[in-house]
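Worksheet for the structure shown next.
As the structure is a computational prediction, the values presented were derived from the model and not from experiment. Just so we're on the same page: letters track the sequence lines, and every chain starts at 1. These numbers come from the heavy atoms of this one structure, side chains and all, not from hydrogens, waters or symmetry mates.
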Protein chains: 2
Amino acid sequence: MNMTLEELTNKLKKKKIRLSYQRIKILEYINNHRIHPTVDQIYNDLRKEVPTLSKTTVYNTLNTLADSNLVKVITIGDNEARYDVTIKNHGHFKCESCGIIFDFNIDFNSFKIDGLSNFQINQKDIYFKGLCPKCIKKDASE
Amino acid sequence: MNMTLEELTNKLKKKKIRLSYQRIKILEYINNHRIHPTVDQIYNDLRKEVPTLSKTTVYNTLNTLADSNLVKVITIGDNEARYDVTIKNHGHFKCESCGIIFDFNIDFNSFKIDGLSNFQINQKDIYFKGLCPKCIKKDASE
DNA sequence: TAATTAATTTGTAATCGTTACAATATAGTA
DNA sequence: TACTATATTGTAACGATTACAAATTAATTA
Ligand SMILES: [Mn+2]
Ligand SMILES: [Mn+2]
Ligand SMILES: [Zn+2]
Ligand SMILES: [Zn+2]
(Lines give C-alpha, C1' and ligand atoms only; values in the text may rest on other atoms or scores of the structure.)
(Ligands and ions follow the chains in the order given, each with its own letter.)
Protein backbone atom coordinates (compact mmCIF):
# COMPACT_ATOMS: atom_id res chain seq x y z
CA MET A 1 0.00 0.00 0.00
CA ASN A 2 2.60 2.58 1.01
CA MET A 3 4.68 3.57 -1.97
CA THR A 4 8.25 4.75 -1.94
CA LEU A 5 9.18 8.28 -2.85
CA GLU A 6 10.72 6.96 -6.04
CA GLU A 7 7.56 5.14 -7.06
CA LEU A 8 5.53 8.29 -6.51
CA THR A 9 7.87 10.51 -8.52
CA ASN A 10 7.83 7.97 -11.31
CA LYS A 11 4.05 8.12 -11.36
CA LEU A 12 4.25 11.86 -11.89
CA LYS A 13 6.97 11.58 -14.51
CA LYS A 14 5.00 9.03 -16.49
CA LYS A 15 2.14 11.51 -16.67
CA LYS A 16 4.54 14.31 -17.61
CA ILE A 17 3.67 16.26 -14.50
CA ARG A 18 6.54 18.46 -13.38
CA LEU A 19 8.00 17.49 -10.06
CA SER A 20 7.59 19.87 -7.18
CA TYR A 21 7.96 19.41 -3.46
CA GLN A 22 4.31 20.23 -2.90
CA ARG A 23 3.01 17.84 -5.53
CA ILE A 24 5.05 14.97 -4.19
CA LYS A 25 3.92 15.69 -0.64
CA ILE A 26 0.27 15.81 -1.63
CA LEU A 27 0.47 12.64 -3.70
CA GLU A 28 2.30 10.98 -0.81
CA TYR A 29 -0.42 12.11 1.60
CA ILE A 30 -3.24 10.74 -0.53
CA ASN A 31 -1.41 7.44 -0.78
CA ASN A 32 -0.81 7.14 2.94
CA HIS A 33 -4.22 8.38 4.14
CA ARG A 34 -6.83 6.31 2.38
CA ILE A 35 -9.78 7.76 4.23
CA HIS A 36 -11.05 9.91 1.33
CA PRO A 37 -9.79 13.15 2.87
CA THR A 38 -11.14 16.60 2.11
CA VAL A 39 -9.02 19.47 0.84
CA ASP A 40 -9.06 20.96 4.34
CA GLN A 41 -7.79 17.76 5.91
CA ILE A 42 -4.97 17.50 3.41
CA TYR A 43 -4.11 21.17 3.80
CA ASN A 44 -4.18 21.27 7.59
CA ASP A 45 -2.25 18.04 8.03
CA LEU A 46 0.41 18.87 5.46
CA ARG A 47 0.87 22.40 6.76
CA LYS A 48 2.64 20.94 9.77
CA GLU A 49 5.32 19.55 7.49
CA VAL A 50 5.14 22.19 4.77
CA PRO A 51 4.41 25.46 6.55
CA THR A 52 4.43 27.59 3.41
CA LEU A 53 1.81 25.44 1.70
CA SER A 54 -1.10 27.31 0.19
CA LYS A 55 -4.61 25.92 -0.01
CA THR A 56 -4.73 27.02 -3.63
CA THR A 57 -1.82 24.71 -4.32
CA VAL A 58 -3.72 21.83 -2.77
CA TYR A 59 -6.64 22.56 -5.08
CA ASN A 60 -4.43 23.02 -8.13
CA THR A 61 -2.45 19.87 -7.46
CA LEU A 62 -5.50 17.71 -6.82
CA ASN A 63 -7.03 18.98 -10.05
CA THR A 64 -3.85 18.17 -11.91
CA LEU A 65 -3.66 14.70 -10.39
CA ALA A 66 -7.34 14.08 -11.13
CA ASP A 67 -6.91 15.14 -14.77
CA SER A 68 -4.17 12.52 -15.08
CA ASN A 69 -6.20 9.87 -13.28
CA LEU A 70 -3.75 9.62 -10.39
CA VAL A 71 -6.48 10.54 -7.91
CA LYS A 72 -10.23 10.19 -8.09
CA VAL A 73 -12.67 12.88 -6.97
CA ILE A 74 -15.55 11.61 -4.88
CA THR A 75 -18.57 13.91 -4.76
CA ILE A 76 -20.82 11.83 -2.58
CA GLY A 77 -21.22 14.59 -0.04
CA ASP A 78 -23.30 17.48 -1.15
CA ASN A 79 -20.77 20.06 -0.09
CA GLU A 80 -17.09 19.25 -0.32
CA ALA A 81 -15.11 16.97 -2.59
CA ARG A 82 -13.10 14.06 -1.24
CA TYR A 83 -10.10 12.38 -2.78
CA ASP A 84 -9.08 8.80 -3.32
CA VAL A 85 -6.03 7.15 -4.86
CA THR A 86 -7.14 5.59 -8.09
CA ILE A 87 -6.96 1.88 -7.73
CA LYS A 88 -9.45 -0.57 -9.10
CA ASN A 89 -13.09 0.45 -9.35
CA HIS A 90 -15.09 0.25 -6.16
CA GLY A 91 -18.24 1.67 -4.65
CA HIS A 92 -18.53 4.26 -1.89
CA PHE A 93 -20.88 4.19 1.06
CA LYS A 94 -21.37 7.32 3.16
CA CYS A 95 -22.75 6.94 6.66
CA GLU A 96 -25.36 9.64 7.17
CA SER A 97 -24.65 9.71 10.89
CA CYS A 98 -20.86 9.77 11.32
CA GLY A 99 -19.97 10.91 7.81
CA ILE A 100 -17.32 8.26 7.23
CA ILE A 101 -17.00 7.05 3.66
CA PHE A 102 -16.49 3.30 3.32
CA ASP A 103 -15.26 1.39 0.30
CA PHE A 104 -17.09 -1.65 -0.93
CA ASN A 105 -16.58 -4.10 -3.75
CA ILE A 106 -19.05 -4.16 -6.58
CA ASP A 107 -18.77 -5.92 -9.90
CA PHE A 108 -18.82 -3.10 -12.42
CA ASN A 109 -19.26 -5.49 -15.31
CA SER A 110 -22.37 -7.20 -14.03
CA PHE A 111 -24.66 -4.19 -14.40
CA LYS A 112 -27.76 -4.89 -16.41
CA ILE A 113 -28.23 -1.58 -18.17
CA ASP A 114 -30.86 -0.49 -20.66
CA GLY A 115 -30.88 2.84 -22.40
CA LEU A 116 -27.23 3.64 -23.02
CA SER A 117 -26.56 2.03 -26.35
CA ASN A 118 -24.40 4.33 -28.50
CA PHE A 119 -23.25 6.20 -25.40
CA GLN A 120 -19.55 6.32 -24.57
CA ILE A 121 -19.16 5.65 -20.86
CA ASN A 122 -16.00 7.12 -19.37
CA GLN A 123 -16.75 6.93 -15.67
CA LYS A 124 -19.02 4.98 -13.36
CA ASP A 125 -19.70 6.26 -9.86
CA ILE A 126 -21.61 4.16 -7.36
CA TYR A 127 -22.65 6.06 -4.24
CA PHE A 128 -24.66 4.47 -1.45
CA LYS A 129 -25.87 6.17 1.71
CA GLY A 130 -27.24 4.91 5.00
CA LEU A 131 -25.92 3.88 8.40
CA CYS A 132 -22.71 2.09 9.24
CA PRO A 133 -22.75 -0.79 11.76
CA LYS A 134 -21.29 1.33 14.54
CA CYS A 135 -23.94 4.03 14.13
CA ILE A 136 -26.74 1.47 13.93
CA LYS A 137 -25.69 0.17 17.34
CA LYS A 138 -25.33 3.68 18.76
CA ASP A 139 -28.83 4.62 17.57
CA ALA A 140 -30.34 1.48 19.05
CA SER A 141 -28.93 2.19 22.50
CA GLU A 142 -30.47 5.65 22.80
CA MET B 1 -46.86 11.66 -17.11
CA ASN B 2 -48.53 15.04 -16.58
CA MET B 3 -50.49 15.07 -13.37
CA THR B 4 -53.56 17.10 -12.64
CA LEU B 5 -53.54 19.90 -10.13
CA GLU B 6 -55.66 17.74 -7.86
CA GLU B 7 -53.23 14.85 -7.98
CA LEU B 8 -50.36 17.16 -7.12
CA THR B 9 -52.15 18.76 -4.17
CA ASN B 10 -53.05 15.32 -2.90
CA LYS B 11 -49.43 14.32 -2.99
CA LEU B 12 -48.60 17.28 -0.76
CA LYS B 13 -51.53 16.61 1.57
CA LYS B 14 -50.52 12.99 2.01
CA LYS B 15 -47.11 14.13 3.16
CA LYS B 16 -48.69 16.74 5.44
CA ILE B 17 -47.03 19.56 3.58
CA ARG B 18 -49.07 22.75 3.78
CA LEU B 19 -50.45 23.89 0.46
CA SER B 20 -49.12 27.11 -0.97
CA TYR B 21 -49.28 28.57 -4.43
CA GLN B 22 -45.49 28.45 -4.72
CA ARG B 23 -45.17 24.85 -3.62
CA ILE B 24 -47.80 23.69 -6.04
CA LYS B 25 -46.22 25.61 -8.88
CA ILE B 26 -42.78 24.18 -8.16
CA LEU B 27 -44.06 20.63 -7.82
CA GLU B 28 -46.00 21.11 -11.04
CA TYR B 29 -42.89 22.39 -12.79
CA ILE B 30 -40.78 19.44 -11.71
CA ASN B 31 -43.47 17.08 -12.92
CA ASN B 32 -43.81 18.75 -16.31
CA HIS B 33 -40.11 19.35 -16.97
CA ARG B 34 -38.35 16.04 -16.56
CA ILE B 35 -34.98 17.28 -17.67
CA HIS B 36 -33.40 17.35 -14.20
CA PRO B 37 -33.56 21.13 -13.95
CA THR B 38 -31.36 23.27 -11.75
CA VAL B 39 -32.66 25.70 -9.16
CA ASP B 40 -31.90 28.55 -11.52
CA GLN B 41 -33.87 26.99 -14.35
CA ILE B 42 -36.86 26.43 -12.10
CA TYR B 43 -36.60 29.92 -10.66
CA ASN B 44 -36.18 31.75 -13.95
CA ASP B 45 -38.90 29.82 -15.74
CA LEU B 46 -41.43 30.09 -12.94
CA ARG B 47 -40.74 33.77 -12.40
CA LYS B 48 -42.58 34.49 -15.64
CA GLU B 49 -45.74 33.04 -14.13
CA VAL B 50 -45.07 33.93 -10.50
CA PRO B 51 -43.27 37.29 -10.57
CA THR B 52 -42.98 37.59 -6.79
CA LEU B 53 -41.23 34.23 -6.47
CA SER B 54 -38.07 34.25 -4.42
CA LYS B 55 -35.13 31.99 -5.09
CA THR B 56 -35.03 31.16 -1.40
CA THR B 57 -38.52 29.76 -1.74
CA VAL B 58 -37.37 27.52 -4.55
CA TYR B 59 -34.57 26.21 -2.35
CA ASN B 60 -36.84 25.82 0.68
CA THR B 61 -39.54 24.08 -1.29
CA LEU B 62 -37.18 21.68 -3.03
CA ASN B 63 -35.64 20.78 0.31
CA THR B 64 -39.08 20.17 1.77
CA LEU B 65 -40.10 18.03 -1.20
CA ALA B 66 -36.84 16.11 -1.05
CA ASP B 67 -37.28 15.43 2.67
CA SER B 68 -40.64 13.89 1.86
CA ASN B 69 -39.30 11.93 -1.08
CA LEU B 70 -41.44 13.76 -3.58
CA VAL B 71 -38.37 14.88 -5.47
CA LYS B 72 -34.89 13.43 -5.70
CA VAL B 73 -31.72 15.50 -5.59
CA ILE B 74 -29.15 14.57 -8.20
CA THR B 75 -25.61 15.68 -7.44
CA ILE B 76 -23.87 14.30 -10.48
CA GLY B 77 -22.48 17.68 -11.44
CA ASP B 78 -19.73 18.97 -9.28
CA ASN B 79 -21.35 22.32 -8.75
CA GLU B 80 -25.12 22.62 -8.72
CA ALA B 81 -27.87 20.24 -7.66
CA ARG B 82 -30.48 19.01 -10.09
CA TYR B 83 -33.95 17.77 -9.35
CA ASP B 84 -36.00 14.81 -10.48
CA VAL B 85 -39.51 13.62 -9.73
CA THR B 86 -39.17 10.50 -7.68
CA ILE B 87 -40.36 7.60 -9.70
CA LYS B 88 -38.79 4.20 -9.78
CA ASN B 89 -35.03 3.90 -9.29
CA HIS B 90 -32.93 4.61 -12.32
CA GLY B 91 -29.38 5.59 -13.18
CA HIS B 92 -28.17 8.94 -14.46
CA PHE B 93 -25.71 9.60 -17.24
CA LYS B 94 -24.18 13.03 -17.69
CA CYS B 95 -22.69 13.94 -21.05
CA GLU B 96 -19.39 15.67 -20.41
CA SER B 97 -19.75 17.66 -23.61
CA CYS B 98 -23.31 19.02 -23.72
CA GLY B 99 -24.11 18.60 -20.02
CA ILE B 100 -27.44 16.88 -20.56
CA ILE B 101 -28.38 14.31 -17.94
CA PHE B 102 -29.96 11.15 -19.35
CA ASP B 103 -31.94 8.49 -17.49
CA PHE B 104 -31.15 4.85 -17.95
CA ASN B 105 -32.55 1.64 -16.58
CA ILE B 106 -30.44 -0.43 -14.26
CA ASP B 107 -31.47 -3.35 -12.12
CA PHE B 108 -30.79 -2.16 -8.58
CA ASN B 109 -31.26 -5.63 -7.17
CA SER B 110 -28.70 -7.36 -9.33
CA PHE B 111 -25.67 -5.70 -7.76
CA LYS B 112 -23.05 -8.13 -6.54
CA ILE B 113 -21.77 -6.32 -3.50
CA ASP B 114 -19.12 -7.31 -1.01
CA GLY B 115 -18.25 -5.35 2.11
CA LEU B 116 -21.54 -3.90 3.28
CA SER B 117 -22.89 -6.61 5.54
CA ASN B 118 -24.41 -5.06 8.66
CA PHE B 119 -24.76 -1.74 6.87
CA GLN B 120 -28.20 -0.17 6.48
CA ILE B 121 -28.53 1.10 2.92
CA ASN B 122 -31.01 3.93 2.52
CA GLN B 123 -30.09 5.27 -0.87
CA LYS B 124 -28.33 4.09 -4.01
CA ASP B 125 -27.06 6.58 -6.57
CA ILE B 126 -25.66 5.44 -9.88
CA TYR B 127 -23.89 8.17 -11.82
CA PHE B 128 -22.21 7.57 -15.16
CA LYS B 129 -20.33 10.10 -17.25
CA GLY B 130 -19.14 10.17 -20.81
CA LEU B 131 -20.41 11.26 -24.21
CA CYS B 132 -23.92 11.08 -25.57
CA PRO B 133 -24.52 9.83 -29.13
CA LYS B 134 -25.09 13.32 -30.51
CA CYS B 135 -21.82 14.62 -29.07
CA ILE B 136 -19.88 11.57 -30.30
CA LYS B 137 -21.00 12.36 -33.84
CA LYS B 138 -20.23 16.05 -33.43
CA ASP B 139 -16.72 15.28 -32.17
CA ALA B 140 -16.08 12.89 -35.04
CA SER B 141 -16.97 15.49 -37.67
CA GLU B 142 -14.50 18.09 -36.45
C1' DT C 1 27.70 25.45 -13.01
C1' DA C 2 25.17 29.64 -14.26
C1' DA C 3 21.64 31.80 -17.05
C1' DT C 4 17.17 31.41 -19.19
C1' DT C 5 12.44 30.57 -19.48
C1' DA C 6 8.29 28.46 -18.78
C1' DA C 7 5.63 26.49 -15.21
C1' DT C 8 4.35 26.48 -10.27
C1' DT C 9 3.34 28.40 -5.86
C1' DT C 10 1.37 31.78 -2.99
C1' DG C 11 -1.94 35.15 -0.95
C1' DT C 12 -5.80 37.58 -1.79
C1' DA C 13 -9.95 38.67 -3.99
C1' DA C 14 -13.78 37.10 -6.48
C1' DT C 15 -17.35 33.77 -7.72
C1' DC C 16 -21.18 30.81 -7.16
C1' DG C 17 -24.43 27.78 -5.01
C1' DT C 18 -26.70 27.52 -0.85
C1' DT C 19 -28.32 28.77 3.84
C1' DA C 20 -29.45 32.05 7.87
C1' DC C 21 -32.26 35.43 9.38
C1' DA C 22 -35.91 38.74 10.37
C1' DA C 23 -39.91 41.09 8.64
C1' DT C 24 -44.09 40.42 6.12
C1' DA C 25 -47.70 37.59 4.27
C1' DT C 26 -50.51 33.53 4.12
C1' DA C 27 -52.81 28.91 5.16
C1' DG C 28 -55.35 26.30 8.13
C1' DT C 29 -58.45 26.33 12.06
C1' DA C 30 -61.95 27.70 15.27
C1' DT D 1 -63.75 36.80 10.97
C1' DA D 2 -59.91 36.35 14.14
C1' DC D 3 -56.00 33.74 15.60
C1' DT D 4 -51.69 31.44 15.24
C1' DA D 5 -48.39 28.74 13.32
C1' DT D 6 -46.07 28.34 9.14
C1' DA D 7 -44.40 30.04 4.55
C1' DT D 8 -42.51 33.61 1.65
C1' DT D 9 -39.44 37.23 0.66
C1' DG D 10 -35.15 40.03 0.31
C1' DT D 11 -30.84 40.54 1.96
C1' DA D 12 -26.81 39.20 4.18
C1' DA D 13 -23.74 35.59 5.32
C1' DC D 14 -21.43 31.33 4.40
C1' DG D 15 -18.31 27.84 2.47
C1' DA D 16 -16.11 25.58 -1.24
C1' DT D 17 -13.73 26.58 -5.20
C1' DT D 18 -11.52 29.43 -8.77
C1' DA D 19 -9.22 33.73 -10.85
C1' DC D 20 -5.48 36.48 -10.83
C1' DA D 21 -0.93 38.67 -10.50
C1' DA D 22 3.45 38.72 -8.19
C1' DA D 23 7.15 35.91 -6.39
C1' DT D 24 9.43 31.52 -6.68
C1' DT D 25 11.09 27.36 -8.65
C1' DA D 26 11.96 23.36 -12.00
C1' DA D 27 13.72 21.93 -16.15
C1' DT D 28 16.62 23.34 -20.07
C1' DT D 29 20.50 25.34 -22.30
C1' DA D 30 24.92 27.41 -22.78
MN1 LIG E 1 -12.47 4.68 -2.06
MN1 LIG F 1 -33.85 10.95 -13.71
ZN1 LIG G 1 -21.52 5.83 10.98
ZN1 LIG H 1 -23.85 15.36 -25.26
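Between Asn79(B) and Ser20(B), the residue anchored closer to the 5' end of DNA chain C is Asn79(B), taking for each the nucleotide with the nearest heavy atom. In this structure, Ile17(B) and Arg23(A) both approach DNA chain C, and ranking their closest nucleotides by distance from the 5' end singles out Arg23(A).
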| task | Begin from the C-alpha positions of Asn32(B) and Glu28(B) and carry the test side chain to side chain contact (heavy atoms under 4.5 Å, CB included) through to its verdict. | result | CA-CA 6 Å; Asn32(B) 294 340; Glu28(B) 195 179 34; 3.8 Å; yes
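Distances shown here put every side-chain N or O of Gln22(A) at or beyond 4.0 Å from the OP1 or OP2 atom of dT25(D).
Side chains of His36(A) and Asp84(A): a donor-acceptor N/O pair is present below 3.5 angstrom, by distance only. Asp45(A) and His33(A) share no donor-acceptor pair across their side chains, judged by distance under 3.5 Å alone.
The aromatic ring centres of Phe128(B) and Phe104(B) sit less than 6.0 Å apart.
Distance CD1 (Ile24(A)) to C1' (dT8(C)): 13 Å, rounded to an integer number of Å. Lys16(A) places its NZ atom 14 Å from the P atom of dT8(C), with the value rounded to the nearest Å. Nucleotide dT15(C) holds its P atom 17 Å from the CD atom of Glu80(B), rounded to whole Å. Here dG17(C) presents its P atom at 6 Å from CG of Asp40(B), a figure rounded to the nearest Å. One can place OH of Tyr21(B) at 11 Å from P of dA27(C), the figure rounded to the nearest angstrom. Regarding Leu12(A), its CG atom lies at a distance of 10 Å from the P atom of dA27(D), rounded to whole Å. In this structure, the NZ atom of Lys25(A) is 14 Å from the P atom of dT9(C), given to the nearest Å.
The base of dA7(D) does not come close enough to the side chain of Arg18(B) for any donor and acceptor atom to sit less than 3.5 Å apart.
Lys129(B) places a side-chain heavy atom less than 4.5 Å from the side chain of Ile76(B).
A salt bridge links Asp125(B) to Lys72(B): one of the charged nitrogens lies within less than 4.0 Å of a carboxylate oxygen. Under a 4.0 Å N-O distance rule, the pair Lys88(A)/Asp103(A) does not qualify as a salt bridge.
For the segment residues 41-70 of chain A, the set of residues with a heavy atom within less than 4.0 Å of an atom of DNA chain D comprises Thr56(A), Tyr59(A), Asn63(A), in numerical order.
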